[in-house]
Every structure is written in structure tokens, then in C-alpha cells.
There are 2 protein chains.
Amino acid sequence: MEKDLFGICPFVTTQKILTGKWTLIIMHCLSERTIRFNELQRALPTLTSTTLTKQLRMLEEHGLIIRTVYNQIPPKVEYSLSDLGKNFKPVLDELEIWGNQYIDFIRNKKQV
Amino acid sequence: MEKDLFGICPFVTTQKILTGKWTLIIMHCLSERTIRFNELQRALPTLTSTTLTKQLRMLEEHGLIIRTVYNQIPPKVEYSLSDLGKNFKPVLDELEIWGNQYIDFIRNKKQV
DNA sequence: GAGGATACTATCTAATAAGATACTAACAAT
DNA sequence: ATTGTTAGTATCTTATTAGATAGTATCCTC
């Protein structure tokens with residue numbers, strides 16, 4: 001993304017944060033509850049641990065999610081939303097509404 | 001994006017549509033008014049015509065924007081939102097709010 | 001002592017996307 | 001005849017992402 005607009009324009013800035021291919025569903029999952037790494041993997045079976053780790057790290061770096069490590073064996077790591085992440089909820093809600101509209105739209109197009 | 005979730009999950013589906021690096025600001029510009037190719041270029045000076053064309057074509061293919069060609073010389077082509085594109089406005093509004101919050105957040109972080 | 005559970009990491013390859021550069025068509029004005 | 005205008009296209013290179021594969025540490029249970 002352009003340096004000149006990142007940190008200035010809210011659209012360019014947000015787009016940069018949402019570049020990851022899975023960020024929206026991850027954010028959606030976390031908006032429902034705190035969740036463990038493994039649970040996320042099971043929820044998104046087509047996503048490998050390599051990619052999941054990368055996306056989570058990126059969201060953590062951007063301050064949207066919090067990673068909590070429990071010092072036990074076998075390991076336990078929980079992911080939850082930060083305040084900034086929680087404030088993202090209205091975006092997710094609107095995205096869900098629009099996304100479902102879009103899905104209807106393409107279904108109708110195919111039927112004709 | 002995964003075929004298994006595209007067209008089913010609203011988040012995965014929307015993320016796919018928003019992959020373009022400039023789609024959000026383009027949608028924002030078009031949500032304010034119908035606009036010509038050249039005007040968009042001037043509004044986004046760091047974006048080349050190659051990339052702008054690609055993004056516009058993609059949004060058109062997905063049914064979010066409408067391309068109107070006026071048969072005159074020099075050429076005139078206008079871009080505007082379809083109904084589906086207009087329905088995207090609430091998402092943009094929430095994104096703008098959150099994006100500005102995020103910008104404040106990183107500014108404060110840097111100051112500390 | 002073998003296998004399972006968890007949450008990864010390292011390395012590499014493949015796929016996708018962005019951008020640089022140069023060019024085009026057609027007419028109007030100078 | 002040359003220049004300007006608009007909305008692109010074609011080609012190529014570079015950058016960014018995703019994903020495949022294999023492996024790690026530590027303890028518990030069988």
C-alpha cells in the first residue's frame with residue numbers, strides 16, 4: 001500500500017490490514033468467542049497452520065487481537081479480540097449483511 | 001480464496017471481492033458521485049492507469065460498478081455504483097469510522 | 001518406549017497482484 | 001503538420017501471499 005496514504009486515509013489504511021485472505025473470517029470467529037489455535041484450524045479446515053499462524057501474527061501486530069499463552073503441556077494458546085478488535089464488530093456486521101446480499105445476487109444471475 | 005466457501009460464507013466471499021489494493025477508496029470515491037476515469041486517476045495520483053483499469057474491471061465484473069461509455073472524441077467513460085454497489089455504503093461508513101480509530105491508535109502508540 | 005496432543009517454525013515453491021514503461025485511436029485546435 | 005486530450009492496452013518485471021511439506025518441544029498415557 002502507499003506510504004503516503006497509509007495512516008492518513010481510513011480506507012487505504014484498513015485495506016492494508018485486511019489484505020490477508022482469511023482475516024475477515026478469523027475476525028468473525030474471534031468476535032464470537034475467545035478461541036484456541038486448534039479450534040480455528042478445525043473451523044477453517046482448508047487453511048494450513050503455516051498460513052493461519054501468519055494471519056494471526058499480522059492481526060496481533062496490528063493490535064486487533066491478543067495472544068495469551070498458558071504455560072502448560074501440551075501447549076495452550078488463546079486468541080481474543082483487543083478493544084480495537086472489538087470495535088471492528090460493526091464493520092463485520094455490515095460486511096455480513098452485504099456479503100449475503102452479494103451471494104443472493106450471484107445465485108440469481110446464474111439461474112437466469 | 002477457497003471454492004468451498006466462496007459463495008457460501010459472506011466473509012470469505014466479500015474478502016475475495018475486496019482483494020484489490022485500491023478497491024475500498026475507489027468504492028468510496030464512487031459512493032460520492034459518478035466519476036470519470038481521469039478524475040479517479042487525479043484523485044489517486046500514486047495509482048497507475050494499468051492498475052486502475054484492472055481494479056475497475058474487477059469491480060465491474062463483480063457487479064458493483066457500472067461503466068458507461070459515451071461515444072465521442074476525446075473519449076468519455078463514466079463509472080458509477082450499481083444497486084449492489086450502493087448497498088455497500090454502510091460497510092464503507094463503518095470502515096471509515098473504524099479506520100480513523102485505528103489511525104488514532106497507531107499515532108498514540110508512536111508517541112509513547 | 002511408542003504414540004498422542006498442542007502450537008507452532010523453517011524452508012521452499014507456486015500463485016497472484018501491482019506497477020513500470022511504452023504505445024494506440026481519433027478528432028480538435030493551433 | 002504537430003500537439004493535446006481521453007481512456008485505455010500490451011508486455012514484462014517485481015513484489016507479495018498462500019500453501020505444501022516436514023519437523024520441533026514437552027509431557028502424559030498406555
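Computed from a prediction, not measured in an experiment: that's the story for all the values here. Chain identifiers are assigned alphabetically (A, B, ...) following the order of the sequence lines, protein sequences preceding nucleic acid strands; residue numbering begins at 1 within each chain.
Here C:dA18 presents its C1' atom at 18 Å from CZ of A:Phe6, a figure rounded to the nearest Å. In this structure, B:Leu52 places its CG atom 8 Å from P of D:dG8, rounding to the nearest Å. Between the CD1 atom of A:Ile17 and the P atom of D:dT17 there is a distance of 13 Å, given to the nearest Å. Rounding to whole angstrom units, CD of residue B:Gln55 and P of C:dT16 are separated by 16 Å. Rounded to whole Å, atom C1' of D:dT17 lies 14 Å from atom CD1 of A:Ile26. Rounded to whole Å, atom P of D:dC27 lies 10 Å from atom CG of A:Asn71. Going from atom CG of A:Leu47 over to atom P of D:dT21 covers 15 Å, rounded to whole Å. Atom-to-atom, OH of B:Tyr70 to P of C:dA25 comes out at 26 Å; the value is rounded to the nearest Å.
Contact between B:Lys21 and B:Gln55 at its shortest, heavy atoms only, is N-OE1, 3.5 Å.
The shortest distance between the side-chain N/O atoms of B:Gln72 and the OP1/OP2 oxygens of D:dT5 is not below 4.0 Å. Contact between the side-chain N/O atoms of B:Lys21 and the OP1/OP2 oxygens of C:dG19 is found at a separation under 4.0 Å.
Aromatic ring pairs are classed by plane angle as parallel below 30°, tilted from 30° to 60° and perpendicular above 60°; the pair A:Tyr79 and A:Phe37 is tilted.
In summary, A:Arg33 and A:Glu78 do not engage in a salt bridge, as defined by a charged side-chain N under 4.0 Å from a carboxylate O.
Annotation: side-chain contact (heavy atoms from CB on, under 4.5 Å) contacts of A:Ser31 (sequence neighbours excluded): A:His28, A:Leu81, A:Lys89, A:Leu92.
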Exercise. When every nucleotide of nucleotides 6-12 of chain C is labelled 5' to 3' by its protein contacts under 4.0 Å (heavy atoms), B for base, S for sugar-phosphate only, - for none, what sequence of letters results?
Worked result: BSBBBB-
For this session: Check the pair B:Leu18, A:Leu18 against side-chain contact (heavy atoms from CB on, under 4.5 Å), reporting the backbone distance first and the verdict last.
Result: CA-CA 9 Å; B:Leu18 302 180; A:Leu18 301 180; 5.9 Å; no
Problem set entry | Verdict with supporting geometry, A:Gln15 and B:Thr23, side chain to side chain donor-acceptor pair (under 3.5 Å) | CA-CA 8 Å; A:Gln15 188 130 47; B:Thr23 44; 2.7 Å; yes
